[in-house]
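Report on the following structure.
If you're wondering where the values come from, they're calculated on a predicted model, not measured in any experiment. Every chain is numbered from 1 and lettered A, B, ... according to where its sequence line falls, protein lines coming before strand lines.
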Protein chains: 2
Amino acid sequence: MIACFSDLFNVFPQLCTMKVLLSQQNYHIGNFNLNASKMIEVIKEAKLQSVDLVVFSELSVCGYPPRDFLEFDDFIKLVEETIAQIAAQTNGIGVLLGAPIKNGFEKGKPLFNAALLICDGKIQGTVHKTLLPNYDVFDEYRYFEPSFSWDIISFRGKRLAITICEDIWNIGDNPLYRVCPMDELIKLKPDMMINISASPFDYDHDIDRVEVIRQNVLKYKMPMIYCNAVGAQTEIVFDGGSLVVNQNGTIRHALKYFEEDRCLVETEELFNLDSGEPLQAPVAMDKDMRVAKANHPDQVIAYLTNQHNMDQVKQALILGIRDYFQKMGFTKAILGSSGGIDSALVLTLAVEALGRENVTAILMPSEFSTSHSVEDAKLLSENLGNPYHIIPIGMVYEQFIQTLDPLFSGTPFGIAEENIQSRTRGNLLMAIANKFGYVLLNTSNKSELATGYGTLYGDMAGGLSILGDLYKSQVFALAKYINAKREIIPAHIILKEPSAELRPNQKDSDSLPAYDILDRILYLYVERRKGPADIIACGFDESLVKKTLRMVNASEYKRNQFCPIIRVSTKAFGVGRRVPIVAKYLS
Amino acid sequence: MIACFSDLFNVFPQLCTMKVLLSQQNYHIGNFNLNASKMIEVIKEAKLQSVDLVVFSELSVCGYPPRDFLEFDDFIKLVEETIAQIAAQTNGIGVLLGAPIKNGFEKGKPLFNAALLICDGKIQGTVHKTLLPNYDVFDEYRYFEPSFSWDIISFRGKRLAITICEDIWNIGDNPLYRVCPMDELIKLKPDMMINISASPFDYDHDIDRVEVIRQNVLKYKMPMIYCNAVGAQTEIVFDGGSLVVNQNGTIRHALKYFEEDRCLVETEELFNLDSGEPLQAPVAMDKDMRVAKANHPDQVIAYLTNQHNMDQVKQALILGIRDYFQKMGFTKAILGSSGGIDSALVLTLAVEALGRENVTAILMPSEFSTSHSVEDAKLLSENLGNPYHIIPIGMVYEQFIQTLDPLFSGTPFGIAEENIQSRTRGNLLMAIANKFGYVLLNTSNKSELATGYGTLYGDMAGGLSILGDLYKSQVFALAKYINAKREIIPAHIILKEPSAELRPNQKDSDSLPAYDILDRILYLYVERRKGPADIIACGFDESLVKKTLRMVNASEYKRNQFCPIIRVSTKAFGVGRRVPIVAKYLS
């Protein structure tokens, strides 16, 4: 640390440097020992490098989002104990971390979402989050009181404007909020900004995030150190990508996406605008163009399946699978491998996430399975090198039909019989999973989930949905993306017509519109929240639109019982989309 | 309508009367035609009785809670059209109704939760809700901007202080809120209060509600007309019990619980304190005593099972079942009738809700079923007079075992085999439900759901959970309550030891603590959010407490895939309890 003369410094902040270690970590919700040891390990290393300040992400102490655990005093007590444990390691070093802390005022929600700057065992400064996201997957207003006063924190000669995640997402232009925290902080003449975040992935969100950070830097004419979380928490994937941006809006350091990373920052370099070549963040295309494309019905499929998205989605899904297993304490997965594209893609991703020896494919042909189904599924597992077993369902199915004969006798083959097959497969998979301690991976895609084209307790069974936030068009695109270097998924799986194979010669297209039309209607409805009139005005057939929306709204009861879906879009089914089950709207 | 001289009236409001029709109705979310026709029917009747003002409940136009439908412009457009349709019926009559309306200001969430006073086809006044509940099952801050200005609405000589639901739940003493809307309104010298609500049932909430209304009346020294919604919306039961309370805190009119009701109020009677004998609301016991009892570990079971609660819970469950079916467009239910107390109670309640001919019991014995199981289940259906069928699961189970033999050979009988039986039953029930268009009623109780003592896709299957918010102790108590007049549920079902009958001589007590201990620990943890240290300090065995809490937190992944649970407590599993699945807290 270099001593500063504060008067001089106020005029020339670049004369004085501070060494900051920006630490992007993957926390485990409620696992205080693990989170503390991760943070302490970095603090110890930082001391060896004479770091002034280590920066961790939002709610790093308990993991984000802790959800209703925050309602337990016991949980908050563990937070406080963990903060004390970390504070004990801060002799001679500053640590900025995130934690829920009690609201000491007479009024308001019981907690604040806080950033604490700790040094020499003491809390040197505390910041409360002002803008509390309460949309989509976020429920912060359920737990936290928003900040209503603002102050900078002075540390080692630097006047730090510290904010938490959403706080920088209103620089005066976000209609959701009446307050702009940085507008308050700038009045106190800070030197630089630090934002600690838990900002989740969706395709494009990396670009939006870089953009909002740049806008803050340009508006307030100050550098920003931005620390994001990384790692999957059930359905939500935090993608990292922490940034250090200098005073003129150039990215000086860009941390990795989808993995832990850290970097050392000398703050003087953030004011010295000539030092070296600026790093660039990944930018796929201009935001306005992206939004325009996404809103244009002819461009939806191209937008959903572009290469940038596919690359990011693939990494997000692999991290989502890997963290689910690691954090739940499982190593082995099982899935039904039908010879269709959905299960082929899940198997391929799971093998990459967990290792080939840890993913068992079960092939369960029936009398309605086409000959190529088993062959294609075998070839896939041979390509991937993962174990597989063939377990025909015919005998169990026949026994179900015989057992039900006293009630079913004389009725025609129909949905009930189709569902028995699907549920027999679900039952077999769960039995094997229970016997050997595996987790069943679900293979449903977003188009199926949206339309209710699936069997509860059958193909909708499983502990984690890998593709539930990818429309069928995206499933095809991702399979092709994965195959680009070498054919892992047999071409026939990608080329053949989708079928559930639950009755003779069945095709998805018997029940559903063609996927390139269906997926566009679904996207406009689910992601863009357009109503029937607007979608019809885009040029789609009226009866098809109405039928599709009716299918979506009438199958809410099925999705309600579905497992967590790794979220990759701005609107995934599950915790971020809350629709009444008993209702009559477009249904 | 009687003409008023406003000067005189301000001094003696009782000199001028207004005729109010208080209308407590059961709405269907998003079913605008139905909701409008219900309201218009009442308006037409009210005109015949020269009513001045008809009062409907919160969000009456679209039903409460509309949840993410509120994010669709199309939905809000339908709200606006429905308001216009109702407004066209208001010639010469005032109508106070609830609806989401657009936020016309530049900033803030896109909607207000509003009360509109409409007369002669025009909106005469609008009130925005100030206090937006955002806890438990409530998400109002997700959609609505809170009101930041307050005004009374003058109508036919009366100065009305109109508030919406939660607005009266802070009279200065609620730590959640910084604003007290009635404190603002009282400055404008209103004559009386009207509150429109959608306030859901939990046992005791009726008493709390009466209490809070009385406190408002006594604090502000004004009568209140309180209009609550009635009817079940998926898991949430609105219990009605609308009230008219005169200026000295005496209840003048109390509408029915759990059904639609209405009453005519001459406002002059609310100021004339001597008119007739005051009506009394149901009061079981003093609130402080109730809370103290509920917090005392020895009193928990007595509190949970008291007669007032059982009576209310029974009515809530029946309304919950009936509305689920009516609003989903189903008439017939099916369930597995095991001869155990849970399924016996569900069957009894469903028969009362839907009619004996509409509830089919399926008895599915296995080799592990005791001889009395089928006999008890048959006797129950004979008592109730509902159809039943016996479908043994042995042959299907054997075929599963044979089919899995290549993988399972040499492994001992265990959880996998137990679950196969349970899932075979689930599959049979769903097949019959699919074949004949029935809805499967789930029979799990809260003790099982809490501890994960159930099989996903097996006994956890179903479209609606009837007992999922009742601890096993409450299941016993409710069965006895129902049997009090005459033995409907065979005594042997209530007396025998609980068993899943999935292996020889299995008893629940092999895996779980005795229910009277278990339920107390669960109540203290789930409802009271006490941590392990606090629960142990209540005198429970340390290892038992830790084991129990571990079971609760480790089975979140199962509950996450469970169907909606009719909510009767202050903390039901499901939409009002949001806990991370991937986490390590007490697990």
Heavy-atom proximity to chain A below 4.5 Å, by part of Phe436(B): side chain
Do you know which of Phe75(A), Tyr135(A), Phe562(A) has the most heavy-atom pairs under 4.5 Å to chain B? Phe75(A)
Can you tell me which portion of Phe400(A) sits under 4.5 Å from chain B's heavy atoms? Options are side chain, backbone, both or neither. both
Side chain, backbone, both or neither: which part of Glu71(A) has a non-hydrogen atom closer than 4.5 Å to chain B? both
Is it the case that the side chains of Asn560(B) and Arg578(B) hold a donor-acceptor pair, with the cut-off being a distance below 3.5 Å and no angle test? no
Taking every heavy-atom pair that is under 4.5 Å apart, which of Ile420(A), Asn103(A), Ile391(A), Leu407(A) has the most such pairs with chain B? Leu407(A)
Using the ring of each side chain (for Trp, its six-membered ring), is Tyr585(B) parallel, tilted or perpendicular to Phe72(A), with breaks at 30° and 60°? perpendicular
Please tell me whether Tyr397(A) and Gln399(B) have a donor and an acceptor in their side chains that are separated by less than 3.5 angstrom. no
Just verifying a value: how many Å separate Ile393(A) CD1 and Thr403(B) OG1, rounded to the nearest 0.5 Å? 9.5 Å
Heavy-atom cut-off 4.5 Å, strictly under: side chain, backbone, both or neither for Pro133(A) against chain B? neither
Side chain, backbone, both or neither of Phe148(A) within contact of chain B (heavy atoms, under 4.5 Å): side chain
Under 4.5 Å from a heavy atom of chain A, the part of Leu586(B) involved: side chain
Measure Asn174(B) against the heavy atoms of chain A and call it side chain, backbone, both or neither at under 4.5 Å. backbone
Donor-acceptor under 3.5 Å (Asn170(B) side chain, Asp173(B) main chain): yes
Count the heavy atoms belonging to other residues, nucleotides or ligands that lie under 6.0 Å from NZ of Lys571(B), then report whether that count exceeds 12. yes
Tell me, side chain or backbone of Tyr141(B) under 4.5 Å from chain A's heavy atoms, or both, or neither? both
Can you say whether Asp136(B) sits under 4.5 Å from chain A via the side chain, the backbone, both, or neither, judging by heavy atoms? backbone
Of the listed residues (Leu456(A), Thr424(A), Leu78(A)), which shares the most heavy-atom pairs with chain B below a 4.5 Å separation? Thr424(A)
With a 4.0 Å cut-off on N to O distance, would you call Arg577(B) and Glu556(B) a salt bridge? yes
Looking at CD1 of Ile362(A) and CG of Leu429(A), how far apart are the two atoms once the value is rounded to the nearest 0.5 Å? 6.5 Å
Would you give the length of the straight line joining atom SG of Cys563(A) to atom OH of Tyr324(A), rounded to the nearest 0.5 angstrom? 7.5 Å
With a 4.5 Å cut-off on heavy-atom pairs, point out which of Glu398(B), Glu145(B), Lys77(B), Glu106(B) contacts chain A the most. Glu145(B)
Contact winner vs chain A - Glu417(B), Met460(B), Met430(B), heavy-atom pairs under 4.5 Å: Met430(B)
Per-residue contact mode, Leu404(B) against chain A (heavy atom under 4.5 angstrom): side chain
